[in-house]
Each structure stands twice: as structure tokens, then as C-alpha cells.
Amino acid sequence: MFKERPSRDHYTTLAKRLGMLSRAAFKLQHVQKRYGFLKLGDKVIILGSAPGGMAQLAAKYVGPQGLVVAVDVKTQGFKIADNVVNITSNVFDPDITRKIQEVLKGEQADKLVSDLASNLTGVREVDVPRQLELVGTALKIAEGLVRKGGSIYLKLFESPEVKSIEDRLRLSFQKVKRIVPTATRKHSSEIFLLAIGKK
Ligand SMILES: C[S@@+](CC[C@H](N)C(=O)[O-])C[C@H]1O[C@@H](n2cnc3c(N)ncnc32)[C@H](O)[C@@H]1O
């Protein structure tokens with residue numbers, strides 16, 4: 001039987017009630033519950049991390065031995081948790097990989113999440129290419145900084161190009177899955193790609 005998606009307000013209210021910094025956290029929780037995406041001790045990079053719900057939850061999933069590197073062009077005005085390091089930067093900054101590497105102290109990350117999104121204009125011809133540009137940059141960062149065997153979770157909007165991104169990911173990851181988190185708004189074209197096991 002068709003199951004109605006819980007309303008947007010459900011997640012916004014729930015996030016507030018649970019003291020979460022944003023409802024985006026539920027999109028990470030989704031992949032965590034179904035695939036055990038993050039492990040204790042993981043080093044994870046989150047691109048597009050403000051206002052911080054995902055980073056806040058990731059900090060719990062990776063525990064005190066883990067590390068969350070939270071990157072956003074917007075300043076995160078406070079420390080989310082002891083194991084979260086904020087980098088205020090545009091992901092298109094040519095120096096971004098070095099900045100993240102510095103926080104990782106030269107090691108590679110186990111996981112990368114891209115929840116990057118620019119302000120939507122509502123015009124698909126504008127919004128989709130912008131999102132694809134962000135995804136392209138996220139993939140470049142992942143290529144350089146995610147270890148062999150690591151995994152990534154990327155936000156995209158439905159478009160004919162999604163298939164070619166999936167194909168590209170299949171070349172460098174063992175498994176690729178399309179995911180629509182239950183917290184994604186009802187009429188949104190947002191989807192996530194989960195790519196597991198970097199080759
Ligand atoms: C959907 S919000 C992220 C929500 C966040 N993951 C959370 O858990 O609260 C998208 C974020 O992408 C960031 N963003 C968009 N373009 C960016 C860019 N070029 N460089 C860095 N951050 C960017 C925005 O500033 C915004 O905070």
C-alpha cells in the first residue's frame with residue numbers, strides 16, 4: 001500500500017524537539033540506519049555543513065575517537081562538539097583540499113558527505129547545473145581525500161545527468177545506490193547517491 005511521506009513540519013518539529021541544529025540530520029540518520037554508513041572512529045568530511053544538524057549527529061556516530069571536518073561557506077559561530085572542526089570556506093577555493101588535509105593531519109578520510117546546495121531559484125535550467133557543479137567539486141575532493149575502501153554520500157537533484165554521475169561513481173566504487181531519505185520534502189527532486197567501497 002502507498003505510504004504517505006511524513007510532512008516537512010514533522011521533521012522540522014522533531015529536529016527542534018530533539019535539539020538538532022537542522023532537519024538535514026535526518027537525511028544522515030536515514031543512511032546510517034539502513035547502511036551503517038558511519039563507524040566509530042571514522043574521519044568524515046561534511047561539505048555543506050551549516051547550520052550543523054548532520055555534523056552534530058555524525059559527531060555522535062563516530063564517537064570521541066573519530067573526527068568530523070565540517071566545511072561551509074557560512075560561518076558556524078560555535079563549536080558543535082569536541083570532535084568537530086569547522087572550516088569556513090568556499091568548496092571552489094583552489095586551496096580547499098589542502099585546508100581539509102591540514103585538519104586531517106595528512107591522513108585520508110573514511111567517509112565524505114556532500115549536502116552542498118546553493119539557493120534555489122526554482123528555475124531548473126539554473127538550479128540543476130549549479131548543483132552539478134557542486135557535485136563535481138565534491139567528487140574531486142573525495143578523489144583526493146577519501147581512502148581506498150571509503151564511502152561517500154552525495155546530494156543531487158533528479159536530472160538526466162544523474163545517470164552519468166552514477167556511471168562515473170561505479171568506475172571508482174564497488175556499489176552505488178540511489179537514496180531518497182524520508183526527510184526529503186514531498187515534492188523535492190532531491191536525491192542522494194551512496195557510493196560504497198572506493199576502489
Ligand atoms: C542544505 S544546506 C546544508 C545543511 C547541513 N548539511 C546541515 O546538516 O545542517 C546547504 C549548505 O551548502 C552550503 N554551500 C553552498 N554552496 C557552497 C560552496 N560553494 N561552498 C561551501 N558551502 C556551500 C550553504 O552555505 C548551505 O549551508
Side-chain angles (χ1 to χ4, degrees), residues 8 10-33 37-38 42 44-62 66-81 83-103 109 111-122 126-142 144-145 151-158 179-194:
R8 164 199 173 172
H10 168 76
Y11 286 106
T12 308
T13 311
L14 193 59
K16 278 194 190 139
R17 187 149 58 78
L18 297 176
M20 288 172 162
L21 291 168
S22 63
R23 64 194 294 290
F26 292 109
K27 299 173 191 175
L28 181 64
Q29 189 189 56
H30 184 101
V31 78
Q32 186 67 21
K33 281 192 172 167
F37 178 62
L38 294 176
D42 270 357
V44 53
I45 302 164
I46 301 184
L47 304 175
S49 57
M54 283 185 172
Q56 184 185 29
L57 204 56
K60 289 191 182 143
Y61 293 147
V62 303
L67 176 67
V68 179
V69 187
V71 182
D72 205 289
V73 72
K74 288 185 198 145
T75 307
Q76 184 89 50
F78 56 92
K79 192 152 177 66
I80 294 174
N83 55 351
V84 178
V85 176
N86 295 314
I87 297 178
T88 306
S89 176
N90 195 314
V91 291
F92 295 116
D93 177 344
D95 225 18
I96 187 66
T97 296
R98 188 200 56 75
K99 287 182 187 175
I100 299 173
Q101 240 162 359
E102 210 172 280
V103 175
K111 310 282 157 63
L112 178 141
V113 176
S114 171
D115 194 30
L116 290 162
S118 37
N119 290 333
L120 294 181
T121 63
V126 176
D127 293 336
V128 171
R130 274 192 191 162
Q131 185 66 19
L132 293 173
E133 242 188 309
L134 289 170
V135 169
T137 301
L139 288 178
K140 234 189 269 165
I141 296 171
L145 293 181
S151 302
I152 65 176
Y153 185 50
L154 295 173
K155 173 153 81 184
L156 285 163
F157 292 118
E158 277 288 7
I179 292 176
V180 181
T182 33
T184 286
R185 288 171 178 143
K186 212 170 164 186
H187 300 293
S188 169
S189 59
E190 172 186 278
I191 61 160
F192 281 78
L193 293 180
L194 173 65

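Just follow the structure's listing: the first ligand is 1, and inside any ligand the first atom is 1. Heads up: numbering here begins at 1 and tracks the sequence.
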Ligand 1: protein N/O within less than 3.5 Å of ligand N/O:
residue	atom	partner	partner atom	Å
ligand 1	6 (N)	Gly48	O	2.8
ligand 1	6 (N)	Asp115	OD2	2.7
ligand 1	8 (O)	Ser22	OG	3.4
ligand 1	8 (O)	Gly53	N	3.3
ligand 1	8 (O)	Met54	N	2.8
ligand 1	9 (O)	Ser22	OG	2.6
ligand 1	9 (O)	Pro51	N	3.3
ligand 1	9 (O)	Gly52	N	3.0
ligand 1	9 (O)	Gly53	N	3.3
ligand 1	12 (O)	Ala117	N	3.4
ligand 1	19 (N)	Asn90	OD1	2.9
ligand 1	20 (N)	Val91	N	2.9
ligand 1	22 (N)	Val73	N	3.2
ligand 1	25 (O)	Asp72	OD1	2.7
ligand 1	27 (O)	Ala50	O	3.1
ligand 1	27 (O)	Asp72	OD1	3.3
ligand 1	27 (O)	Asp72	OD2	2.8

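Listed by first then second residue, pairs satisfying salt bridge (charged side-chain N to carboxylate O under 4.0 Å, His left out) with a partner in residues 90-101 read Asp93-Lys99, Asp95-Arg98, Arg98-Glu102, not counting sequence neighbours.
Pairing each heavy atom of Glu190 with each of Lys155, the nearest pair is OE1-CD, 3.1 Å.
Rounding to the nearest 0.5 Å places NZ of Lys111 at 13.0 Å from OH of Tyr61.
Tested against Phe192, the residues Asp115, Val31, Leu156 include a single side-chain contact (heavy atoms from CB on, under 4.5 Å) partner, Asp115.
Using cut-offs of 30° and 60° on the angle between ring planes, the pair Tyr153 and Phe37 is tilted.
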Full working for side-chain contact (heavy atoms from CB on, under 4.5 Å) between Val69 and Ile46: CA-CA 6 Å; Val69 187; Ile46 301 184; over 6 Å; no
